[in-house]
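Please see the structure below; I have some questions.
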Amino acid sequence: MKTLLASLAAFTALTAAASAADLPRRAAPPPVFTPVPVFTWTGAYFGINAGYAFDASSNNTSSFAVPAPYGAGTTAYFSQRNQEGFSGGGQVGYNFQFTPGSGVVVGVEADAQYLDFGRSRNNAFVVGPLAPGVYLTDPRGLSSLDFFGTVRGRLGYAFDRVLVYGTGGFAYGSGSADRSFGGFAGNDSFRTGWTVGGGMEYALPVDSFLNFFRSSAVTLKIEGLYVNLDRNTRNQGAFVINAANNFPVVYNNIGRRDDEFAVVRAGLNYKFGSY
């Protein structure tokens, strides 16, 4: 009897083990999938830029008669020469992208720029004598500008890491108040106007060697702007200047001229915020 019970117990154990072996094994957990974040242009940024600026205004020649005692039958002819030179500065801004990846991007940007249009102001051709101790200058040229800035809106479309945009808004500029910058104290030194342009921007990978500030992206851009600064009619025209103190002794309005120039520049931005 004991032998029978032992055999029955062993048979039951073997049957249970065989049944357990036939059960399906527990599936291994699926691998953890970490999605690659979709790039967005949303975020604040700052950066630097450098480029070339050139005159975009029309040229003409004007003249005026120098009165006595500063001239005796003397006539001065002024040509409005094209001027061009280096431009460089910095910018700050903020973008908002409605849909990450590809989509519409809106933003605002402010920049401040140095201008080097040269310092030659005495571009007059004089027929007749000038009195000793005076010289002539024409304060209409771009050489009186050595600084400008803009505050602009931006509207564009992003193709992932490529952004194509148009831009426009407020512009201002100023020049120095000494003779070397072509003027005198109070000589139309601050001007306001408008600007319009466009450009293209590309976002580098986060681990770019240019990412010194550990920003969420480093972007490179190329941009063109047209700038028009309205000089109203203040101090427009030819001056006879006292060489001893660089102050005008004769003023003759020979025409209004806005400051119009174009800028083509490349820039680098560091973006912070969303990926």
Side-chain angles (χ1 to χ4, degrees), residues 52-88 112-150 171-195 225-263:
Y52 202 73
F54 50 91
D55 200 337
S57 58
S58 58
N59 290 335
N60 57 45
T61 300
S62 303
S63 64
F64 90 107
V66 180
Y70 307 105
T74 304
T75 302
Y77 298 89
F78 293 92
S79 62
Q80 297 181 351
R81 298 174 299 177
N82 284 329
Q83 295 170 324
E84 55 189 38
F86 171 79
S87 173
Q113 307 293 132
Y114 165 76
L115 281 174
D116 183 15
F117 281 127
R119 301 297 173 233
S120 176
R121 302 287 303 176
N122 302 316
N123 57 329
F125 176 72
V126 181
V127 178
L130 276 178
V134 299
Y135 67 92
L136 299 177
T137 190
D138 176 13
R140 296 174 301 163
L142 289 175
S143 61
S144 62
L145 277 175
D146 61 343
F147 171 85
F148 86 98
T150 69
Y172 61 93
S174 67
S176 293
D178 59 30
R179 176 181 173 184
S180 64
F181 287 89
F184 58 92
N187 174 23
D188 196 20
S189 60
F190 187 79
R191 307 145 212 183
T192 60
W194 54 275
T195 181
L225 290 179
Y226 166 80
V227 182
N228 185 302
L229 301 179
D230 186 355
R231 304 186 75 173
N232 299 318
T233 51
R234 294 180 295 126
N235 296 336
Q236 299 299 297
F239 289 92
V240 179
I241 306 295
N242 185 336
N245 55 18
N246 295 324
F247 198 82
V249 291
V250 175
Y251 163 70
N252 188 344
N253 190 341
I254 57 174
R256 177 179 182 272
R257 180 193 186 195
D258 290 347
D259 288 331
E260 302 173 67
F261 58 95
V263 180

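Worth knowing before you read on, the calculation uses all heavy atoms, side chains too, and leaves out hydrogens, waters and symmetry mates. The model shown is predicted, which means the values in this text are computed figures rather than measured ones.
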Looking at every heavy atom in both Asp146 and Ser174, which two are closest together, and how far apart are they?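 Here Asp146 and Ser174 meet closest at OD1-O, 2.9 Å.
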
Are side-chain heavy atoms of Val66 and Leu130 found at a separation under 4.5 Å?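 With C-beta onward as the side chain, the pair touches.
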
Where do Tyr52 and Glu84 come nearest, in terms of heavy atoms and distance?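 Answer, listing the atom of Tyr52 first, then Glu84: OH-OE2, 3.0 Å.
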
What heavy-atom pair brings Asp230 and Arg191 nearest, and what distance separates the two atoms?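 Closest approach of Asp230 to Arg191: O-CB, 4.0 Å.
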
Decide yes or no for Leu145 and Leu229: does some side-chain heavy atom of the first lie under 4.5 Å from some side-chain heavy atom of the second?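 Heavy-atom side-chain distance check passes, below 4.5 Å.
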
Who are the side-chain hydrogen bond (donor to acceptor under 3.5 Å, both in side chains) partners of Thr195, not counting sequence neighbours?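 Partners of Thr195 by the side-chain hydrogen bond (donor to acceptor under 3.5 Å, both in side chains) criterion come out as none, since no residue qualifies.
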
Rounded to the nearest 0.5 Å, what separates atom OH in Tyr172 from atom CZ in Phe148?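 Those atoms lie 9.5 Å apart.
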
Mind checking ring-ring contact (aromatic ring centres under 6.0 Å, His included) for Tyr226 and listing every partner two or more places apart, or none if nothing turns up?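 Counting only residues at least two positions away or on another chain, Tyr226 forms a ring-ring contact (aromatic ring centres under 6.0 Å, His included) with Trp194.
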
Of all the heavy-atom pairs spanning Ala131 and Pro69, show the shortest one and how long it is.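 Shortest heavy-atom separation between Ala131 and Pro69 comes out as CB-O, 3.4 Å.
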
Under 3.5 Å donor-acceptor, Thr74 side chain and Pro129 backbone: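 Here the side-chain-to-backbone pair exists.
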
Where is the tightest heavy-atom contact between Gln113 and Gly88, given as atom of each residue plus distance?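 Scanning both residues, the minimum pair turns out to be NE2-C, 3.3 Å.
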
